[in-house]
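Right, one structure below, let's go through it.
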Amino acid sequence: MPLNGIEDDIDAANDDVDDLGVLHETLMSTADGTRSEAIARQRDQKTTQINNHIVRLRGELNAVEQMNRNTALSPSEEATRRSRHAVLARKLMEVLDKYRRLERESQKQYRQRMERHIRIVMPEATDDEVHEAVNNEAARSVFAMDVMSSYRSKVARRMLRDVENRDRDIQEINGTIELLNHMFIDMEGVVAEQQDVLDNIEQAVESTHENMTSAHQEIQKATWYRIKSRPKWKQ
């Protein structure tokens, strides 16, 4: 795939991350249960789309790297190709980091929403109990039973369902963050390797230039001595 096409795809992935951020914000500000579920489905679809996209981009960059390794190139051509590849790898890393920061912040906000709903439904709960209900599945099950036995209002049931949905969101975000962490570390290695190769190419070019300069100087010196060593009558 042409490198310009890969760059365009990275830009598209970056735009998708922005769109995902809007969906996260919209979901956080929506109280209506039916609309929340619809937005959550859109968010899940966008997340799957982005994850598939960045995995494909990583594969395309890897294919370019393999082609660079297996193609006989002059030092200048190899330096140009590898520099271009390194630029794209860094650009993808920026998108990965942006996506990871978005997911971490969204995860934090989902936890805060869970806490608010638990406190509304069970205002007598202590901070420790709320914390356990948010972070511990067993404690959350106890909370759910308390809600079902103590409250019969539609609001309480909706909040309980929202807490359960946000917990699912948090678990899925954990999976996304883990994927991004692995990919980010992988791309860091790629960029570091590219830089090592570029440094070696640069050193080889500099060495070649120095050798050529030295050889030229030696030729000039030899020519001068040869001229000086000629008999006067031959000059």
Side-chain angles (χ1 to χ4, degrees), residues 1-25 43-111 135 167-211:
M1 182 176 188
L3 295 184
N4 287 340
I6 294 178
E7 184 172 19
D8 291 342
D9 273 358
I10 294 175
D11 289 336
N14 184 68
D15 292 341
D16 284 339
V17 172
D18 290 335
D19 293 341
L20 179 63
V22 173
L23 289 170
H24 277 307
E25 292 177 2
R43 181 211 53 206
D44 292 344
Q45 291 171 357
K46 180 62 69 173
T47 298
T48 300
Q49 175 185 335
I50 296 173
N51 290 350
N52 291 339
H53 199 169
I54 60 178
V55 169
R56 178 168 58 82
L57 282 168
R58 176 63 190 96
E60 290 173 354
L61 286 174
N62 185 62
V64 171
E65 169 62 11
Q66 291 299 319
M67 183 177 67
N68 289 341
R69 288 180 178 178
N70 299 330
T71 304
L73 301 168
S74 68
S76 60
E77 289 175 330
E78 184 177 7
T80 298
R81 287 197 182 189
R82 288 188 177 275
S83 295
R84 181 67 169 140
H85 182 272
V87 168
L88 292 176
R90 290 191 186 96
K91 191 168 185 178
L92 179 57
M93 285 179 66
E94 291 174 0
V95 175
L96 294 176
D97 187 53
K98 177 181 178 179
Y99 185 18
R100 182 170 58 179
R101 285 185 283 108
L102 170 65
E103 292 296 85
R104 284 173 175 166
E105 180 59 28
S106 299
Q107 190 177 56
K108 177 182 175 182
Q109 291 180 3
Y110 287 144
R111 282 198 176 97
N135 295 284
D167 176 64
R168 178 184 60 82
D169 293 338
I170 289 172
Q171 299 307 316
E172 291 182 353
I173 288 176
N174 280 337
T176 297
I177 292 175
E178 184 176 355
L179 168 67
L180 294 173
N181 285 339
H182 285 307
M183 288 193 66
F184 195 87
I185 292 172
D186 182 39
M187 295 304 298
E188 278 185 323
V190 169
V191 170
E193 180 182 352
Q194 292 286 356
Q195 190 58 53
D196 287 342
V197 173
L198 289 171
D199 289 344
N200 291 336
I201 293 173
E202 184 178 355
Q203 291 173 4
V205 170
E206 289 178 353
S207 177
T208 300
H209 177 72
E210 291 173 358
N211 291 338

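The shown structure was predicted, so the numbers you read here are calculated from the model rather than taken from an experiment.
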Margin query: With a 4.5 Å cut-off on side-chain heavy atoms, are Asn174 and Glu178 touching?
Written below: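 The answer is no, as the side chains (C-beta and beyond) never meet within the 4.5 Å cut-off.
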
Margin query: So Leu23 and Thr47, do their side chains get closer than 4.5 Å, heavy atoms only?
Written below: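 No, their side chains stay 4.5 Å or more apart.
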
Residue list, side-chain contact (heavy atoms from CB on, under 4.5 Å) with [X], at least two apart or on another chain:
X	answer
Asn52	Thr48
Gln49	Asp16, Lys46
Gln109	Met28, Glu105, Gln112

Notebook entry, point to check: With Phe184, which of Glu188, Met187, His182 fulfils side chain to side chain contact (heavy atoms under 4.5 Å, CB included)?
Noted result: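 Exactly one pass, corresponding to Glu188.
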
Going from [atom1] on [X] to [atom2] on [Y], what distance comes out if it is rounded to the nearest 0.5 angstrom?
X	Y	atom1	atom2	result
Ile173	His24	CD1	NE2	5.0 Å
Lys91	Leu96	NZ	CG	13.5 Å
Ile50	Thr176	CD1	OG1	9.0 Å
Glu7	Arg84	CD	CZ	4.5 Å
Asp11	Ile6	CG	CD1	12.0 Å
Asp19	Asn14	CG	CG	10.0 Å

Can you sort out the partners of [X] under side-chain hydrogen bond (donor to acceptor under 3.5 Å, both in side chains), two or more places apart, ordered by chain and number?
X	result
Gln45	none
Glu25	none
Arg58	Asp186

Next item on the list: Given side-chain contact (heavy atoms from CB on, under 4.5 Å), test Val55 with Asn51 step by step and report yes or no.
Entry: CA-CA 6 Å; Val55 169; Asn51 290 350; 5.5 Å; no

Check: Between Glu60 and Arg56, does at least one N-O distance fall below 4.0 Å, as a salt bridge requires?
Finding: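 Looking at Arg56 together with Glu60, the answer is yes, because their closest N to O distance falls below 4.0 Å.
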
Check: Do Glu94 and Arg90 pass the salt bridge (charged side-chain N to carboxylate O under 4.0 Å, His left out) test, and can you show the C-alpha distance, the side-chain angles, and the key distance before you say yes or no?
Finding: CA-CA 6 Å; Glu94 291 174 0; Arg90 290 191 186 96; over 6 Å; no

Margin query: Test side-chain contact (heavy atoms from CB on, under 4.5 Å) on Asp167 and Gln171; report intermediate values, then the result.
Written below: CA-CA 6 Å; Asp167 176 64; Gln171 299 307 316; 3.7 Å; yes

Checklist line | Full working for side-chain contact (heavy atoms from CB on, under 4.5 Å) between Gln66 and Asn62 | finding: CA-CA 6 Å; Gln66 291 299 319; Asn62 185 62; 4.2 Å; yes

Next item on the list: Using the side-chain contact (heavy atoms from CB on, under 4.5 Å) rule, take His53 and Leu57 through it: C-alpha gap first, then chi angles, then the decisive distance, then the call.
Entry: CA-CA 6 Å; His53 199 169; Leu57 282 168; 3.8 Å; yes

